[in-house]
Amino acid sequence: MELRPLGNTGLHLSCVGFGASPLGNVFGDVPLEEAIASVRLAFQSGINFFDTSPYYGGTVSEKVLGKALKALGVPRNEYIVSTKCGRYKEGFDFSAETVTRSIEESLQRLQLDYVDILQCHDIEFGSLDQIVNETIPALQKLKEAGKTRFIGITGLPLNIYTYVLDRVPPGSVDVILSYCHYSINDSTLEDLLPYLKSKGVGIISASPLAMGLLTESGPPQWHPASPELKSACQAAAACCKKKGKNISKLAMQYSLLNKDITTVLVGIKSVEQVEQNVTAARELESSGIDQEALAEVEAILNPVKNQTWPSGIQKS
């Protein structure tokens with residue numbers, strides 16, 4: 001598995017990252033044995049980056065990932081773990097007091113002494129000024145105390161990153177995690193890459209399948225995309241299927257193409273899904289992307305290209 005540098009952190013992450021939200025049973029029950037087997041196969045296949053949050057499954061994802069990593073029985077420095085703070089089952093709280101307590105609880109659940117990256121989770125649901133003036137300084141103290149090696153911010157709207165990064169001291173945010181903005185239907189993250197690189201910030205892109213839009217089975221009921229976007233993605237998936245291609249594999253490979261993005265984080269809940277994603281990455285490396293299938297899918301999605309949906313506290 002190809003390793004790529006993460007901004008100025010000195011970390012090198014596998015180009016495919018293991019998104020552990022499904023281990024919190026958020027997309028159906030995952031037996032513990034299956035979770036452990038999935039993490040083990042991922043690690044053996046060269047995936048070294050595992051991402052979770054106390055929000056996923058109301059702390060279940062962290063606990064399960066902790067057990068699975070412990071079961072690997074390998075030195076701690078052989079894998080990279082990211083968790084989050086500020087978003088919980090009960091709601092959002094980015095106060096210094098809460099995020100400081102939160103990491104202690106996360107470390108207990110993960111059975112770790114430190115995480116590699118601690119990220120403020122979905123900051124568009126809080127006050128961005130509080131993130132700048134209170135949350136990130138609190139995370140700096142946690143970094144100094146050795147609870148986390150690096151600090152990140154996550155969320156859907158892309159303008160949150162420039163807002164925060166323009167207002168914090170240089171080097172105080174190491175990483176951003178963007179989702180649903182670097183996939184076949186929406187590549188707007190690309191416009192932000194030069195800015196992020198100029199700040200020395202590492203870039204993680206999550207949800208290459210656009211939270212289920214780019215799958216044969218389609219998105220979950222609650223998906224916030226417009227009917228028009230859902231319908232176009234459905235048509236693209238059907239077109240691929242008719243040609244004997246899989247839209248999810250194509251979408252994963254598309255997201256992996258941009259080497260400025262350190263890792264593509266994909267939710268994984270089974271050994272089969274590990275195999276599918278590892279195979280997609282290896283095939284891309286050896287034989288490139290299916291240009292004909294990509295062109296057809298892009299043509300179908302063109303009318304809805306870069307269409308997104310609102311997220312967070314909407315500013316008038």
Side-chain angles (χ1 to χ4, degrees), residues 1-2 4 14-19 21-22 26-28 30 34 37-42 44-47 179-190 205-259 261 263-308:
M1 185 71 60
E2 179 194 359
R4 298 177 182 174
S14 50
C15 62
V16 175
F18 190 112
S21 70
V26 293
F27 303 104
V30 181
E34 183 73 19
S38 304
V39 167
R40 175 171 281 123
L41 180 63
Q44 289 168 344
S45 305
I47 293 175
Y179 70 98
C180 289
H181 286 308
Y182 203 87
S183 45
I184 303 176
N185 60 300
D186 182 339
S187 57
T188 46
L189 178 60
E190 200 153 26
S205 179
S207 206
L209 312 185
M211 300 195 310
L213 284 174
L214 302 174
T215 60
E216 282 182 5
S217 53
Q221 283 299 140
W222 50 259
H223 200 293
S226 69
E228 185 193 13
L229 178 52
K230 287 179 181 172
S231 164
C233 290
Q234 209 175 355
C239 170
C240 284
K241 193 173 181 181
K242 197 171 150 192
K243 301 263 169 85
K245 317 273 178 173
N246 183 301
I247 191 156
S248 299
K249 179 169 137 185
L250 190 72
M252 184 68 190
Q253 291 181 332
Y254 175 88
S255 298
L256 286 166
L257 281 173
N258 195 320
K259 307 269 183 168
I261 292 168
T263 187
V264 176
L265 199 54
V266 59
I268 291 175
K269 66 172 188 176
S270 65
V271 165
E272 184 189 9
Q273 288 182 350
V274 174
E275 288 167 346
Q276 286 167 352
N277 288 297
V278 168
T279 300
R282 288 184 179 156
E283 281 183 17
L284 180 67
E285 201 64 28
S286 61
S287 46
I289 199 164
D290 184 331
Q291 292 291 351
E292 188 185 343
L294 180 60
E296 286 185 32
V297 166
E298 286 185 318
I300 294 168
L301 295 178
N302 192 48
V304 293
K305 179 77 172 173
N306 296 338
Q307 193 186 100
T308 186

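These numbers come from the heavy atoms of this one structure, side chains and all, not from hydrogens, waters or symmetry mates.
For the residue pair A210 and N185, the shortest heavy atom distance occurs at CB-OD1, 3.7 Å. Here the shortest heavy-atom pairing between L256 and C15 reads CD2-O, 3.4 Å. Closest heavy-atom contact between K249 and A280: CG-CB, 3.9 Å. Annotation for T263 and V16: closest pair OG1-C, 3.5 Å, computed over non-hydrogen atoms. Heavy atoms only, all atoms of each residue included: K269 and P22 are closest at CB-CB, 3.4 Å. Among all heavy-atom pairs drawn from I289 and Y254, the shortest one is CD1-N, 3.6 Å.
Expressed to the nearest 0.5 Å, how far OG of S287 lies from CZ of R282 amounts to 13.5 Å. Atom CD of E285 sits about 10.5 Å away from atom CD of Q253, to the nearest 0.5 Å. Put simply, CD1 on I268 and CD on E275 are 11.0 Å apart, with the number rounded to the nearest 0.5 Å. To the nearest 0.5 Å, atom CD1 of residue I247 and atom CD of residue E216 are 8.5 Å apart. How far NE2 of H181 is from OG of S205: 9.5 Å, rounded to the nearest 0.5 Å. A distance of 8.0 Å separates OG of S183 from CG of L213, quoted to the nearest 0.5 Å.
Without hydrogens or angle criteria, S248 side chain to L214 main chain gives a donor-acceptor distance under 3.5 Å. Side-chain N or O atoms of T215 include one that pairs as donor or acceptor with a backbone N or O of G218 at under 3.5 Å. A donor-acceptor pair is defined here as one N or O able to donate and one able to accept, closer than 3.5 Å; such a pair exists between the side chain of S255 and the backbone of Y182.
Side-chain atoms of K245 and L250, non-hydrogen and from C-beta on, never get closer than 4.5 Å to each other. P219 places a side-chain heavy atom less than 4.5 Å from the side chain of K230. Taking the side chain as every heavy atom from C-beta outward, Q276 and M252 never approach each other to under 4.5 Å. Under the 4.5 Å side-chain criterion, counting only non-hydrogen atoms from C-beta, L41 is not in contact with V278. In this structure, T308 and T188 have side chains that are not in contact, with every pair of non-hydrogen atoms separated by 4.5 Å or more. Put simply, the side chain of P224 reaches to within 4.5 Å of the side chain of M211, judged on heavy atoms.
Atom CD of E2 is surrounded by more than 12 heavy atoms from other residues, nucleotides or ligands within 6.0 Å.
Looking at residues two or more places apart in sequence or on another chain, you find no ring-ring contact (aromatic ring centres under 6.0 Å, His included) involving Y179.
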Quick one: side chains of residues 296-306, donor-acceptor pairs under 3.5 Å with protein atoms, not counting sequence neighbours, listed by atom name and distance.
unit_1, atom_1, unit_2, atom_2, d
E296, OE1, K243, NZ, 2.5
E296, OE2, K243, NZ, 2.8
K305, NZ, I184, O, 3.1
K305, NZ, S187, OG, 3.3
N306, OD1, S187, N, 2.9

